[in-house]
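Following: one structure in C-alpha cells, then a few remarks.
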Amino acid sequence: FPEEKIRNFSIIAHVDHGKSTLADRILQICGHEVDRKQTLDTLDVERERGITVKSVVASVKHTVGGEDFLLNLIDTPGHVDFSWEVQRSLTACEGVLLVVDASQGVQAQTMANFYVAFELGLAVIPVLNKVDLPHADVDKTMMELNQMFDIEFEECLSISAKSGKGVTEVLDQIVRNIPPPKPIDVSGGALWCFDASVGGHSGRINYVKNIGRVPILPGDRFFPCNDKSDLMSIKDVGRCFPDLQADPEGLLPGQIGYFSTLKAKSRVTGKVLVTDEKSGAKLTEDKSLPFNQLKNSTPSVYASFFPHTDNKGRIKEFEKSVDSLILNDPAVTSTRTSSPAFGSGLRLGFLGQLHLEVFSQRLRDDFETDVIVTSPSTSFRVDADDPSVFEFEVAEEFVPKNFVKEYQEMYSLLTVISPVEYSPVILKAVEERRGSYLSSEEIGDGRLIFKYEIPHSETIRNFHGVLKGATSGFGSFELEELDWRPAELVVLSISINSKIVPELQMITHKHSAEALGRKLTKEFADLLPMQDHKAAICAHITAEPDRQRGFWGSAFGTKSPNFKREDTTRSKANKKIDLQRRQKKIKAEKERLEKLRQIGNVKVPKDAITSLFSLI
Ligand code: GDP
Ligand code: MG
C-alpha cells in the first residue's frame, strides 16, 4: 500500500460509549473473524471490568469506489487515568473517531479526549453510537457537540456498533476525511514507538509508525534519538491484524505495525527511533511534530508493593514481573523500598487511583503473584530555605516545621458533567474533602458542566466511587492538575503500647488527621486477635517530630484490643480432642504465630495491617 492509500486512526470516547464494540465491528466488516467476546480487550482485567486499559493496533482493508485502502486502527482506553496512553497512540494517527453514546450525551472524558485530538491537529469524525436504544437522543447529542466543539450537524454519523448499522459509512468517511500519513523529510529510517509489550524469548515487541521515507526491514539497527548507546537490532517486522504477522518486505512509510527485538531492557516507548544520527537531531528540534508535543507523564498516586511470602528469593522474581508490566505501561515509576513487616518491596507511582487498581490486578492476573499493596499516598512539597523546594511523600521524609517556610499540596481542577439535580450532593462530597465550587455552565436539557477545585490528596481514595454513587451513576468527571498551594501538614502515627507501627504512619492535612486517626485506632483494635495482655492503641498527630522517640505527639482515640481474661482452653471438654486434631491445631497456631509480628508486647498479624490499608 502506498502512503496515499493508508489511513491511520484511533477511536476515542468516554468509558462505555462503545469504542471496543465499534472496533470489533470494523474488524468483522473488513473480513476478520471475531468471536463473541471482544477481540481487542484481551487482558483479564479488561474483560472483568469491561474497560480498555491498553491500546491495541489492528490493520484492515476497506474498498471504496473499487479502490483498496489500508486502515490502521488503534483502540484506546477511555478512562482519564490512561490519558497518557491515549496521547501516545494519537500521535501515531492522522484522525480520530469521536464516539459518543447518543443515550448519554457528551461526558467528561469525551471532552478531555476531544481536546487531546484537537491540540494534535487531528481530523475528527463525530460518531453517535447506540442509536438502537429507545432513549437514544441523536438531535440532543448533536446539539451538545455543536455547542461544545463547534461540530456541524451534517458531519455527524449515527450508528449502532452493536448491530453494525451505519458502520460501513464510518469506514467510507475515514477514507474520505482523514488525510493519509505524510512522511517526514529525514535521511535514514525513522520510527515513532508508541507502545511495547513483552515478546517471546524474553525479547520485546514495539508498536511503531514508520514516520520516515524508507521501509523498515529485518536486520535494521535503530537507536533512540540522542541516545546512541541503546542500539537495537530488528528481528521481525510486520503488521498487526491484531495478531502479529511478520513481513520480509518490512514496514513501508506511513505504516503502523510492530517490530521485535531480542533486547528487553530498552526503554523506547514514547521515543523516536532513527538509523541516522543527523536526522535524529533534526527530529527532536522540530517542535511542530506531534510526538514533540507529547507531555511527560508524572505519577500522582503512590503505593508500596510487597510479594506476599516470607521467601527471601521472592523479591527478584517479583521485580521481574513488575518490570515486564512496566514495559507495557511505561507511565508507572518504580523504586525499591522495605518495611519491617513485609520485607523488601517496590514503591510504585501511578497516574491515578484506577491506574493503581488496574496495575495491581494485572500483576495478580498475569503473574499469579500474591501482593500486598499499601494504601495510596501522594506527594507534598516543602518550601524550605535550604535546599529550597522539594517533594516528599513518606513520613520518614517529613521535614519539621521550624526548618520550613511553607508546606504545599497540589490542587486539582475537577470537572463534572451531571444533571443539575445532583449539584447539592456533589458540592457536599467536594466540600467534605476541603474542595470548593468554581463555576458552572449549561449544556442543555438540564445538564451542566461544573468546575471545582479540590486538594489532590483528597481524591486518591475511592473518590470515583463516591462521585458515581452521589450522582446515581449519571455524573462523569475528570481531574487535572492545577497548582501547588500552602497546606498545613502533619504526621499521623498509630502506636501500640507506645511503639509506632511504621507501615501506618502517614502525612495528612491537619484538618483530616483527627477523624482519620480515630477511625484507624478503632478499626485496628477490632482487627487484632485475642491478646495475652492488656494493650493500648493510640493515634498521634505531630507537626514536630521528637528526635528521641520518632514522630510523637499527644495521644488520642485510645482503644484496647481484646485480651484473655482466663484460660478457657483447658476446660474438660477440650481434653477429649483426639491427638491428631490437636496436633493439627497446634501446627496451625504455630504457622499463624510465625506470621505475627510483635509490636510493643502485642501480636499483630500481617493481614490486620493489610486490611487496615483498605480503609485508609
Ligand atoms: P468502551 O468502554 O468505549 O470500549 O465500550 P464498549 O465497547 O466496551 O461498550 C460498552 C457497552 O455498551 C457494552 O456493554 C456494549 O455491548 C454496549 N454497546 C456498544 N455499542 C452499542 C450499541 O450500538 N448499542 C447498544 N445497545 N449497546 C452498545
Ligand atoms: Mg473498550
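- Counting only heavy atoms from C-beta outward, the side chains of Met506 and Leu520 approach each other to under 4.5 Å.
- Tyr302 and Pro299 make their closest contact through OH-CG, 3.7 Å (heavy atoms, listed as atom of the first residue, atom of the second, distance).
- Nearest heavy-atom pair across Lys209 and Cys93 is NZ-N, 4.4 Å.
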I would like to know whether Arg381 and Asp383 meet salt bridge (Lys or Arg N to Asp or Glu O under 4.0 Å); could you show each step before the answer? CA-CA 7 Å; Arg381 212 156 84 163; Asp383 189 353; over 6 Å; no
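- Note: Tyr452 OH to Tyr411 OH = 15.5 Å, rounded to the nearest 0.5 Å.
- A salt bridge is defined here as a Lys NZ or Arg NE, NH1 or NH2 lying under 4.0 Å from an Asp or Glu carboxylate O, and Lys510 with Glu488 meets this definition.
- Between the side chain of Asn292 and the backbone N or O of Leu283, at least one donor-acceptor pair lies under 3.5 Å.
- The shortest side-chain heavy-atom distance between Leu489 and Phe398 falls under the 4.5 Å cut-off.
- Heavy-atom minimum distance, Leu90 versus Val116: CD1-CG1, 3.8 Å.
- If you check the side chains of Glu357 and Gln353, you find a donor sitting under 3.5 Å from an acceptor.
- One distance of note links CD1 of Ile315 with CG of Leu346; it measures 5.0 Å at 0.5 Å rounding.
- Here Glu277 pairs with Lys228 under the salt bridge (Lys or Arg N to Asp or Glu O under 4.0 Å) rule; sequence neighbours left out.
- From His509, atom NE2 reaches atom CD of Glu458 across 8.5 Å, with rounding to the nearest 0.5 Å.
- Side-chain contact annotation: Arg221 with Ser233, donor-acceptor N/O pair under 3.5 Å absent.
- Ring geometry for Phe194 against Tyr207 counts as tilted: the plane angle lies between 30° and 60°, on a 0 to 90° scale.
- Checked by atom type and distance alone, the side chain of Arg433 never pairs as donor or acceptor with a backbone atom of Pro455 at under 3.5 Å.
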Can Phe259 and Asp236 be said to form a side chain to side chain contact (heavy atoms under 4.5 Å, CB included), step by step? CA-CA 5 Å; Phe259 75 82; Asp236 286 331; over 6 Å; no
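- Looking at Thr275, its side chain does come within 3.5 Å of a backbone N or O of Gly189 through a donor-acceptor pair.
- Expressed to the nearest 0.5 Å, how far CG of Asp16 lies from OG of Ser476 amounts to 12.0 Å.
- Of all heavy-atom pairs between Asn206 and Ala196, the closest is OD1-CB, 4.0 Å.
- Between the OG atom of Ser321 and the CD1 atom of Ile326 there is a distance of 11.0 Å, given to the nearest 0.5 Å.
- Gln408 places no side-chain N or O within donor-acceptor distance of the main-chain N or O of Ala487, the cut-off being under 3.5 Å.
- Checked against ring pair (Phe, Tyr, Trp, His ring centres under 6.0 Å), Phe359 has the following partners two or more places apart in sequence or in another chain: Phe350.
- The side-chain heavy atoms of Cys225 and Lys271, taken from C-beta on, include no pair separated by under 4.5 Å.
- With Ser300 contributing its side chain and Leu351 its backbone, the two residues share a donor-acceptor pair below 3.5 Å.
- Contact check for Met410 versus Thr378: no side-chain heavy atoms found under the 4.5 Å cut-off.
- Heavy-atom minimum distance, Arg347 versus Thr337: N-CG2, 3.8 Å.
- Thr298 and Glu481 share no donor-acceptor pair across their side chains, judged by distance under 3.5 Å alone.
- Side-chain atoms of Thr374 come within 3.5 Å of backbone N or O of Ser304 as a donor-acceptor pair.
- Lys235 has its side chain within reach of Leu262: a pair of non-hydrogen atoms, C-beta onward, lies under 4.5 Å apart.
- In this structure the side chain of Val373 reaches within 4.5 angstrom of the side chain of Arg364, judged on heavy atoms.
- Within the 3.5 Å criterion, the main-chain N or O of Ile74 finds a donor-acceptor partner in the side chain of Ser10.
- Residues Tyr258 and Val208 form no side-chain contact, since every pair of their non-hydrogen atoms from C-beta on lies 4.5 Å or further apart.
- More than 12 non-hydrogen atoms from other residues, nucleotides or ligands lie less than 6.0 angstrom from CZ of Arg485.
- From Phe306, atom CZ reaches atom OG of Ser338 across 7.0 Å, with rounding to the nearest 0.5 Å.
- Checking side-chain atoms of Asn113 against main-chain N and O of Gln109 turns up a donor-acceptor pair under 3.5 Å.
- Nearest heavy-atom pair across Ala539 and Leu492 is CB-CD1, 4.4 Å.
- Taking 4.5 Å as the limit, every side-chain heavy atom of Ser334 sits out of range of all side-chain heavy atoms of Glu319.
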